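One structure below.
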Amino acid sequence: MGYDFHAVEAKWQRVWKERGVFEVEADPGKRKFYCLEMFPYPSGALHMGHVRNYSMGDMLARFLRKNGLNVLYPMGFDAFGMPAENAAIKYKTKPHDWTWNNIEYMTSQLKSLGCGYDWRRRVESCNPIYYRWNQWLFLQMHKKGLVYRKQAPVNWCETCGTVLANEQVVSGACWRCETPVVKKNLEQWFIKITDYAQELLDNIDTELTGWPDRVRIMQRNWIGRSDGAKLSFALPELDYTIDAFTTRFDTVFGITFIALAPEHELVGRMIERSPQADDMRDFVAKCAAQSAIERSDASAEKLGFKTQYSGVHPVTGAPVPIWIANYVLMDYGTGAIMGVPAHDQRDFDFARKYGIEIIPVIRPEGEADFRAESMKAAFEEDGITCNSGQFDGLPTQKAIQAMIDWGEEKGYCKREVNFRLRDWLISRQRYWGTPIPFVHCPKCGVVPVPEDQLPVLLPEDVTVQDVGRSPLLDMPEWLNTACPQCGGPAKREAETMDTFFCSSWYFDRYCSAHKAKPSDALPFDKADTDYWMPVDQYIGGIEHACLHLIYARFFTMFLADIGLLKVREPFTNLLTQGMVIKDGAKMSKSLGNVVDPTEMIQKYGADTVRLFILFASPPQNDLDWSEQGVEGAHRFLWRVWRFVEDNADALRNAPSGGVPMSEMSGDDAAFSAARTLKRKIHSTIVSVTRDIEKEKQFNTAIARLMELANALTAFAKGMRSDKLELRLLREGAEVLLNCLSPFCPHIAEELWEMIGGKELLTTFPWPVPEEDALVSESVVIVVQVNGKVRARLNMKAGLSESELREAVLSDPQVQERLAGKKIVKTIAVPDKLVNVVVEA
RNA sequence: GCGAGCGUGGCGGAACGGCAGACGCGCCGGACUUAGGAUCCGGAGCCAUAAGGCGUGGGGGUUCGAGUCCCCCCGCUCGCACCA
């Protein structure tokens, strides 16, 4: 008959669907498990990275289901975004049509992989029934004061024709197309994620213990809390006060200049009044022309412009010259810094270039005579305070605290905390996204669309001409509307939301997506999220460490604050899978090294593809795609097939239920072989269970199954085929197929049926190891002399330390080895090893 | 520059501080074959005919015993990067 994987896979996919085995409901009487994978962007077709991600998730979901948990395992599509617009231009289609075609095609691919999703719950973020709630949630955030508009220099990608959030700028370039990002001064929509910075940070230590350390550290650094103080320099001439933030208030006596970011509002004022206006304007323009990459390159030359103004040092009252400098960032702290060249390398470089005074106020410990003239670089380490009046002699850490205390008391400064995390720039100048539910009224200003008028529908019958301009701007019938407040003519907000908004709560939606109705009052059913949330296991790529995984955490906290969720953290355990590599590089179209999952499924079957991808490397590591490896996996499945088929009659006729250890206590070789197999069967259950559940080492779990298959095949060849042996063989086959089922569900189901399984293996309970089958009767004891292996002795298991020592030392082989040597000591590890230490 | 991680056969990778290299790929040999790029059986870390010796990037240390723990160095990968 042979292994016809196409027929087998189609058959069981149909059966599972007919029996609805993956459809679940919240049931407070059952222990739940929420297994989630990052939903894909419908780019056209699945790539191997998806297949890897979903093979892991499906395997886990199936494993947990067999272990009696009520498993929620859903799938959907993150369907808004740029590529749909680009594709629409390229293929002369509509983003809507292109996206929906892809969704249907990719759904069929996922089904052919055998993933057991509850498809009734599929969400598509471009579906009005979904994005309506994006708008609603945006309005809730607005009500809570978390949404604001601000004119600010923002990151702009020329290629994508839109602004980007901070998290979407990678090394100064667009995260999607790698175009260098430039700053543009625009009025934009922001969400105050920084209100949650502290909780986002605190929970990393207390709540995210099931996350990889790597991701936790990345998030901690991204949020980046700095403790320090704010101090102010008066500028009476312009009736202005310049605020600056510092983490090193202990260096105040070393301030020799103030530097403003070119975008600082004070610079604008100076340009209005100063005789230097033209030069100043030129300098600001020069800085503005720098790309984000140049601007953020720490090694780039620092540019400065000395203004005619000076601020008043808050402590000494001395005048401090004000400069404009390109290395000062407008969006961190206050956009102005106190310059302390002696103790900050950037300030040092700047001061040296422009001849600004350098005053050391900290000296290295033990170096009494520390002068500016001899400094080759800023002294940034801790040391002893000097040139600072009453604080001289204090070590740095003490000085910081003492001086801030004093500064606060005297009114020179105020303690302040700054975060590196910036507010989330949420608007995009793109068409294919969730319309921001606001209206611009000439009379009333920016007015929210009332909730009962949601959704603000995105027109679907739209042709995109080029990326430079959103088609919404050219649709007066959509753009023109009545102001919800005064009823007068008004215009809709034509900008759309960052797609990361959609992906920040889709996992809440899954919990009740199958019951969603247009008349719903809330984005999800609270009873359902109360039961299913949080996600117990989340699986996805590490590239989202500081993107989606921060936004989704913020959303969850917000949803908890408005009473919609009970949990404040969405993902209990996180598994970040590595990339799929081919020929030394990530699979990509431009490198031409992509392997099409559908072709592989055609050629080898879904079970083979799943098996290879889980076996080739541990989940977190990168995985080298190797078609020879795929063939190896395929061969293994063939071997299992042949083993079962060759013994099918015997297995089917042997009674199920296994052979207890007690029935195999005879002394002859056949009994001994049977006991060995029995132990192999049950130790396999133990290690496979542990590898999947605890270690998440799917590759070694599969290796154990291969060993079991090898052992069973060998046993079948050597046996006399008496009743006991056949019963044991059946026990082994059942365990093998049962444990293989989460990995390769179709073939396992088919062979299970072949040996007479009546129930579906997919819902059949995971095997339980028999304790007495795990105990070995004899063990190989390694005998070492001075740490080197000299002999291996077969001994009875369970000997105590002293029994073992005695037995080994009295062994003739060992005695021969030790002849004439003086034994210093003997270490005995029961059931493992004896190390005899002798004099050299 | 700062932070994190990783270095094990020809390759992917296994190893509670206790037999290094499980499992698989590739390779070599054999069987069956008109054939073998199918299947089955066997072999194999390296050096050595063998006894034996040497082996987890390099050097040191702790230990009866180190791939595993500690220190120094080298190399690679990733993240952040003028964050005051």
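Given the structure is predicted, the values throughout are model-derived calculations rather than measurements.
Residue A/R225 is out of contact with every strand shown, counting any heavy-atom pair closer than 4.0 Å. As judged by a 4.0 angstrom heavy-atom cut-off over every strand, A/G333 is placed among residues making no nucleic acid contact. Among the heavy atoms of the strands lying under 4.0 Å from A/R639 are primed sugar atoms or P, OP1, OP2 only; no base atom is included. Across all strands shown, A/V340 has no heavy atoms under 4.0 Å from either base or sugar-phosphate atoms. Counting non-hydrogen atoms under 4.0 angstrom, A/N710 reaches the backbone sugars and phosphates but no base. Among the protein residues, A/R346 comes within range of the nucleic acid bases, having at least one heavy atom under 4.0 Å from a base atom. Note on A/I337: a base of the nucleic acid sits closer than 4.0 angstrom, heavy atoms only. When heavy atoms are screened at a 4.0 angstrom cut-off, A/D622 is found touching the sugar-phosphate backbone but no base atom.
Across B/G59 and B/G7, the matching C1' atoms stand 16 Å from one another, rounded to whole Å. B/A51 sits 33 Å from B/G13 when the C1' atoms are compared, rounded to a whole Å. The gap from the C1' atom of B/C28 to that of B/G10 amounts to 13 Å, rounded to the nearest Å. The C1' atoms of B/C46 and B/U8 are separated by 14 Å, rounded to the nearest whole Å. Comparing the P positions of B/G21 and B/G45 gives an interatomic distance of 9 Å, to the nearest angstrom. Rounded to whole Å, the separation between the P atoms of B/G26 and B/C40 comes to 13 Å. The same atom, P, is picked in B/G9 and in B/G58; the two are 10 Å apart, to the nearest Å. Rounded to the nearest Å, the gap between the P atom of B/G17 and that of B/A66 is 15 Å.
Closest approach to the A/S617 side chain among B/A4, B/G12, B/G24 is made by B/G12 (side chain taken as heavy atoms from C-beta onward). Nearest nucleotide to the A/N326 side chain, out of B/C82, B/C41, B/G26: B/C82. Of the candidates B/C40, B/G13, B/C83, the closest approach to any side-chain atom of A/K717 belongs to B/C40.
Ring centroids of A/F615 and A/F636 are separated by 6.0 Å or more, keeping the two rings apart.
A distance-only check finds no donor-acceptor pair linking the side chain of A/S776 to the backbone of A/S778 [under 3.5 Å]. Without hydrogens or angle criteria, A/D607 side chain to A/I747 main chain gives a donor-acceptor distance under 3.5 Å. With A/Q345 contributing its side chain and A/A378 its backbone, the two residues share a donor-acceptor pair below 3.5 Å.
In B/G59 the base sits anti relative to the sugar, since the glycosidic angle is further than 90° from 0.
A/H544 has its NE2 atom 13 Å from the P atom of B/C80, to the nearest Å. Between the CG atom of A/L637 and the P atom of B/C25 there is a distance of 12 Å, given to the nearest Å. Atom CG in A/L623 sits about 8 Å away from atom C1' in B/G12, given to the nearest Å. Spacing between atom CH2 of A/W222 and atom C1' of B/G79 amounts to 10 Å, rounded to whole angstrom units. Atom CD1 of A/I400 and atom P of B/A84 are 12 Å apart (whole Å). With rounding to whole Å, A/E631 atom CD is found 16 Å from B/G12 atom C1'. Atom CG of A/D349 and atom P of B/C82 are 14 Å apart (whole Å). As a whole-Å value, the separation of A/N221 CG from B/C78 P is 18 Å.
Of all the heavy atoms in A/A399 and A/T385, the pair that sits closest is CB-OG1, 3.3 Å. Considering all non-hydrogen atoms of both residues, A/A701 and A/F743 come closest at CB-CZ, 3.9 Å.
Residue-environment remark: CZ (A/R805) exceeds the threshold of 12 foreign heavy atoms within 6.0 Å. Counting heavy-atom neighbours within 6.0 Å of A/K353 NZ, excluding the residue itself, gives a total above 12.
Near RNA chain B, meaning a heavy atom under 4.0 Å from it, residues 242-261 of chain A has A/F245, A/T246, A/T247 in order of number.
For the pair A/R642 and B/C40, the criterion of a side-chain N or O lying under 4.0 Å from OP1 or OP2 is met. Not one side-chain nitrogen or oxygen of A/R220 sits closer than 4.0 Å to the OP1 or OP2 atom of B/C2. For A/R420 and B/A81, the shortest distance from a side-chain N or O to OP1 or OP2 is below 4.0 Å.
Take A/W175 and apply the ring-ring contact (aromatic ring centres under 6.0 Å, His included) test, not counting sequence neighbours, and it matches A/F500. Legend: residues meeting ring-ring contact (aromatic ring centres under 6.0 Å, His included) with A/F348, ordered by chain and number and at least two apart, are absent. For A/F5, the ring-ring contact (aromatic ring centres under 6.0 Å, His included) test picks out A/Y3, A/H634, with sequence neighbours left out.
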Once Watson-Crick and G-U wobble pairs under 3.5 Å are found, how is RNA chain B written in dot-bracket notation, 5' to 3', with | for any base paired to another strand? (((((((..(((.....[....))).(((((.......))))).(((....)))..(((((..]....))))))))))))....
For side chain to side chain contact (heavy atoms under 4.5 Å, CB included), just list the numbers for A/I242 and A/L260, CA-CA rounded to whole Å, side-chain angles, deciding distance to a tenth of an Å, and then say yes or no. CA-CA 9 Å; A/I242 304 167; A/L260 304 173; 4.0 Å; yes
Where do A/D347 and A/I337 land on the side chain to side chain contact (heavy atoms under 4.5 Å, CB included) test, with the steps shown first? CA-CA 10 Å; A/D347 297 349; A/I337 59 154; 3.6 Å; yes
Show the numbers, then the answer: is there a side-chain hydrogen bond (donor to acceptor under 3.5 Å, both in side chains) between A/K302 and A/N326? CA-CA 6 Å; A/K302 298 185 175 19; A/N326 68 337; over 6 Å; no
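With respect to A/R642 and A/E645, no salt bridge is recorded, no charged nitrogen being found less than 4.0 Å from a carboxylate O.
Comparing A/V837 and A/G632 against RNA chain B, the residue whose closest nucleotide sits nearer the 5' end is A/G632.
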Walk along nucleotides 15-22 of chain B from 5' to 3' and tag each nucleotide B, S or - by protein heavy-atom contact under 4.0 Å, base first, then sugar-phosphate. -B-BB--B
